[in-house]
There are 2 protein chains.
Amino acid sequence: MTSPVSPHSVPSGETRWLDADEQKAWRAWLYSAQLLLDRLDRDLTHRTGISHAYYEILVALSETPERMMRMSELADRCLSSRSRLSHAVSRLEERGWVRRQVCAEDGRGQLAVLTEEGFAALEGAAPVHVEGVRRELFDQLTPEQVANMRDVGETLLRHLDPTRAR
Amino acid sequence: MTSPVSPHSVPSGETRWLDADEQKAWRAWLYSAQLLLDRLDRDLTHRTGISHAYYEILVALSETPERMMRMSELADRCLSSRSRLSHAVSRLEERGWVRRQVCAEDGRGQLAVLTEEGFAALEGAAPVHVEGVRRELFDQLTPEQVANMRDVGETLLRHLDPTRAR
DNA sequence: GAACCATAGTTGAGCGTTGAACTATTCCGC
DNA sequence: GCGGAATAGTTCAACGCTCAACTATGGTTC
């Protein structure tokens with residue numbers, strides 16, 4: 001925008017506005033991120049009936065030995081609030097892809113368990129998802145750009161969520 | 001996930017699965033993008049009452065000479081569907097920040113017009129938004145990383161939306 | 001072992017998004 | 001200038017997310 005004079009609710013001190021180059025970098029990142037997330041989600045949803053959010057839940061469960069996980073751990077893995085995950089698991093339960101099971105060690109806890117039907121649904125969706133990521137992302141970038149993308153992503157991750165950074 | 005054998009709904013030919021390095025690059029990008037978008041949106045919403053989506057609408061309007069824009073053009077600029085934008089503008093109208101005005105040249109068209117109150121709200125939110133972007137993004141990266149981020153973003157943009165690429 | 005606090009998860013209301021159906025206007029070919 | 005297609009925008013219902021309130025269990029202290 002056209003550098004407005006800051007009135008109230010200003011964050012302590014003078015605002016460090018973005019210069020023209022920073023604006024361009026920010027816009028390029030923002031638009032590409034929004035468009036890519038949106039396209040992958042739409043593509044997956046329309047071709048498999050599974051949104052990217054649901055897909056992430058199924059993947060997380062499928063990667064554990066017993067194909068089950070505590071609700072809170074699953075929420076963490078999926079960058080989801082507990083409420084959101086609880087709603088999502090309820091909907092996946094209606095589809096017969098996940099079921100809930102009380103946790104033996106902790107009476108407060110619930111386990112989300114991937115059913116055979118859920119695993120089959122995931123098997124159907126996985127190629128569609130992976131091809132999407134390849135087509136829209138990896139096929140567009142040189143190996144060097146991929147390395148740079150990963151470097152930037154990991155750097156940001158260390159700041160945004162140190163527990164998830166490698 | 002653990003490379004499932006692809007069953008049905010396979011996208012023509014053998015699936016080009018991601019190798020370990022590609023997985024890591026993809027996850028780093030995905031998590032950092034989701035966390036960054038989420039954090040900026042929450043921060044802005046809680047500190048100013050303006051979501052990032054609303055903010056983008058206000059910014060777009062403020063950047064035109066007359067502070068008004070056709071609904072469809074505004075939707076394009078904000079990566080929004082027309083339906084979504086129509087709902088959003090209705091809600092901004094209720095806040096008194098935007099008003100609708102029929103378009104003189106095209107009887108089908110509507111103009112979204114930024115009000116003085118809307119501009120004032122934007123002036124209040126802008127420093128909060130910019131400081132967020134700086135703190136969570138630019139302050140974390142070296143100039144070289146920023147250049148790489150921009151390069152990757154612009155490359156993806158040329159593929160995802162050539163009209164928006166530079 | 002009672003009182004208290006923390007943790008795990010769910011629920012419900014309100015808001016926002018989606019996609020399809022709809023209305024109204026303009027454009028195009030004749 | 002009429003009929004049909006295209007375009008601009010809105011509306012509605014279904015779905016999903018958010019936040020706060022809530023239930024239930026576990027842990028801690030005396």
Position toward the 5' end of DNA chain C (nearest nucleotide), A:Ser90 or B:Asp106: A:Ser90
Nucleotide nearest B:Arg100 when distance is taken to its side chain, options D:dT10, C:dT26, C:dG16: D:dT10
Minimum-distance nucleotide (side-chain atoms of A:Ser83 versus D:dA8, D:dC19, D:dC17): D:dC19
Under-4.0 Å side-chain N/O to phosphate OP1/OP2 contact, A:Arg42 with C:dT17: no
Contact under 4.0 Å: B:Arg91 side-chain N or O vs C:dC15 OP1/OP2: no
A:Leu36-A:Tyr31 co-clustered via ILVMFWY side chain contacts under 4.5 Å: yes
Calculate the interatomic distance between [X] atom [atom1] and [N] atom [atom2]; express it in whole Å.
X	N	atom1	atom2	result
B:Arg95	C:dC15	CZ	C1'	11 Å
B:His46	C:dC15	NE2	C1'	13 Å
B:Gln110	D:dA8	CD	P	13 Å
A:Leu79	D:dT18	CG	C1'	16 Å
A:Glu93	C:dT11	CD	C1'	15 Å
A:Leu85	D:dC19	CG	P	16 Å
A:Arg82	C:dT7	CZ	C1'	8 Å
B:Ile57	C:dG16	CD1	C1'	12 Å

Note: [X]-[Y] ion pair, threshold 4.0 Å (strictly below):
X	Y	answer
B:Arg67	B:Glu116	yes
B:Glu22	A:Arg134	yes
B:Asp43	B:Arg47	yes

Residue closer to the 5' end of DNA chain D, A:Ser81 versus A:Arg108 (nearest nucleotide): A:Ser81
Closest-nucleotide ordering on DNA chain D, the 5'-leading residue of B:His87 and A:Tyr54: B:His87
Base D:dT18 paired with A:Arg84 side chain (donor-acceptor, <3.5 Å): no
Sidechain-backbone polar pair: A:Gln140 side chain, A:Arg135 backbone, donor-acceptor under 3.5 Å: yes
